[in-house]
Amino acid sequence: MTPPSAARTPDDAGGAGGDARSGAKGSLTPRGRDFPRWYQEVVARAELADNGPVRGTMVIRPWGYEIWERLQAAIDERIKAAGAHNAYFPLFIPEAFMRLEAEHVEGFDPELWVVTHGGGKQLEEPVVVRPTSETVINHFFAKWVQSHRDLPLLINQWSNVVRWELRPRLFLRTTEFLWQEGHTAHADEAGARAYALQILTDVYQETMEEVAAIPVLVGHKTARERFAGAVRTWTCESMMGDGKALQMGTSHELGQNFARAFGIQYADTSGALRYVWQTSWGASTRLIGALIMAHGDDYGLRLPPALAPVEVVVLVVRDDEDAHRAAAQIADDLRRSGRRVHLDARTDSGFGRRSVDWELKGVPVRVEVGPRELAEGHVTLVTRHLRSKDAVGIGALADTVATVLSRVGRDLHQEALAFRIDRTAEAAGLAEAKEIGASGFARVPWAEIGEQGEAELAGSALSVRCLQHGDGGLASAQDPDSSLIAVVGRAY
RNA sequence: CGGGCUGUGGCGCAGCUUGGUUAGCGCGCUUGACUGGGGGUCAAGAGGUCGCGGGUUCAAGUCCCGCCAGCCCGACCA
């Protein structure tokens, strides 16, 4: 292999153009060199998503969508376990609905897409494309809730929502995205509060940690950061591979703000009319972005098996009759042992290309079957997250694969946690918080920051991600914010 | 909306300063052969109204004017 002539003249260097900039042929930009670029390349080359033709829109490709389906299933199962039921509300919302709750209006107004024409005519009343369904759903809650016997009312919806975005990024911030939004009504404040917390921990935190293998911090938002119209916003925050924070899911206590705005009242046991207490909560396709950025490495995506469309890919190393036969047999056996398996028997593209492809896509385990190892009665098992290779006897393969898969999630979680801990430090005050927050999380007493300090942080592209107890626990109703710790960092 | 920049095959770019023959390069794509244990090699191909409109000129991808689109940086967001 002779390298291209090093003595390139300035003249012909021009002709080579942009190639030099993208580094070695075909390899990803290292995360450490340019993280945003690495992210974009992973999204494109793992075939997760494409930009849509309208700015800010996103095409979710099959590989990305299957990951979403698995996330969806994990979340949906837990939502149902929490007693909520799925329903569906319309995409279009009367503009007037959006104006009913003052803070909500203010919060969402700049992000609204408004349809002014339909059927070739200007509409008498413009229609808003939902940025969230608070308003329509509460319109119906007002109708459905009459008696204390109707409570709690626990509804969830899987849908798309649309928000004007100035700086779109695939999965992380797109004009249209897919999500789940839960909306509930309760007879009293304690019931609503308990439910918001239940969703936070039993649905979101558990899914993030156990299924997505992403460690999260839980806490609540400052007034500045909380949902428009909420009394309190609870959040799951995680740290990405570049030290920035990503909000993974939020659960809001809405108090009676919407109940009053929409007239959601019930007759209590004494016959008196009372406003309900509400919650709402959501998690979106942004989680796929989190998965990429929390676990990905310089070779691409690393998927926890629970979310991987394919757990094991069986790769026929070369076009050899015995290898084909053995690989097919192995794939069958693995399927029978309950694994999601893909057999890659393509012979029209080289071994290197195919291994790299599966590595990019994050498939946790690869089994390489070629004449060389068959002659020795074993196969090669490659563990994606460690990039390690082991010779495994064919008879022991199913068990070994099960063992390897069972540790992937744990390893990824541990690695991400260790990274976060390494990038987290205590800060005594604002100045120190700024310094630490620039590359990770700073833990600083909220009393040292305050709303003024928070505004100042914004000037350095920093924000308070959440407030929590010093030990990382959630604040209780009695805790004044001034007794809490603020987690400060840069955020997506 | 304020500041900086870019529009050239599917993608990434060079060419423009100093107008001049068939507008190039890398990747990707097609076909074939040889290959095949980490993006393999060779050969032959396909693919471009140079963002749009006007102007200058014998001649415009290149110069001038206008428009449109997009990107990056600042104020909002799952």
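Protein chains get the first letters and strands the later ones, always in sequence-line order, with residue 1 at the start of each. What you see is a predicted model; the values in this text were computed from it and never measured.
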In plain terms, say whether [X] and [Y] are close enough for a salt bridge, that is, a side-chain N and a carboxylate O under 4.0 Å apart.
X: A:Arg70; Y: A:Glu66; answer: no
X: A:Asp344; Y: A:Arg346; answer: yes
X: A:Asp481; Y: A:Arg232; answer: yes
X: A:Asp357; Y: A:Arg354; answer: no
X: A:Arg384; Y: A:Glu311; answer: no

Using a cut-off of 4.0 Å on non-hydrogen atoms, how would the nucleic acid contact of [X] be classed: base, sugar-phosphate, or nothing?
X: A:Glu111; answer: sugar-phosphate
X: A:Thr132; answer: nothing
X: A:Arg346; answer: nothing
X: A:Leu287; answer: nothing
X: A:Ser280; answer: nothing
X: A:Thr285; answer: nothing

In whole angstroms, how far is the [atom2] atom of [N] from the [atom1] atom of [X]?
X: A:Arg45; N: B:C11; atom1: CZ; atom2: C1'; value: 12 Å
X: A:Lys221; N: B:A78; atom1: NZ; atom2: C1'; value: 10 Å
X: A:Glu41; N: B:C27; atom1: CD; atom2: P; value: 16 Å
X: A:Asp298; N: B:G38; atom1: CG; atom2: C1'; value: 16 Å

Would you kindly check whether a donor in the side chain of [X] faces an acceptor in the base of [N], or vice versa, at under 3.5 angstrom?
X: A:Asp357; N: B:G39; value: yes
X: A:Lys389; N: B:G37; value: no
X: A:Arg173; N: B:C77; value: yes
X: A:Arg353; N: B:G39; value: yes

Looking at RNA chain B, which of residues 361-383 of chain A put a heavy atom within less than 4.0 Å of it? A:Arg366, A:Glu368, A:Gly370, A:Pro371, A:Arg372, A:Glu373, A:Thr380

Under 3.5 Å: donor-acceptor pair, side chain of A:Ser284, backbone of A:Arg286: yes

State which residue, out of A:Glu253, A:Lys221, A:His252, fulfils the side-chain hydrogen bond (donor to acceptor under 3.5 Å, both in side chains) condition with A:Thr233. A:His252

Canonical and wobble pairing (Watson-Crick, G-U, under 3.5 Å) of RNA chain B, dot-bracket with |: (((((((..((((......[...)))).((((((.....)))))).....(((((..]....))))))))))))....

Given side chain to side chain contact (heavy atoms under 4.5 Å, CB included), test A:Glu225 with A:Ser463 step by step and report yes or no. CA-CA 9 Å; A:Glu225 298 281 332; A:Ser463 54; 3.6 Å; yes

Would you kindly say whether A:His183 and A:Gln278 are connected by a side-chain donor-acceptor distance under 3.5 Å? no

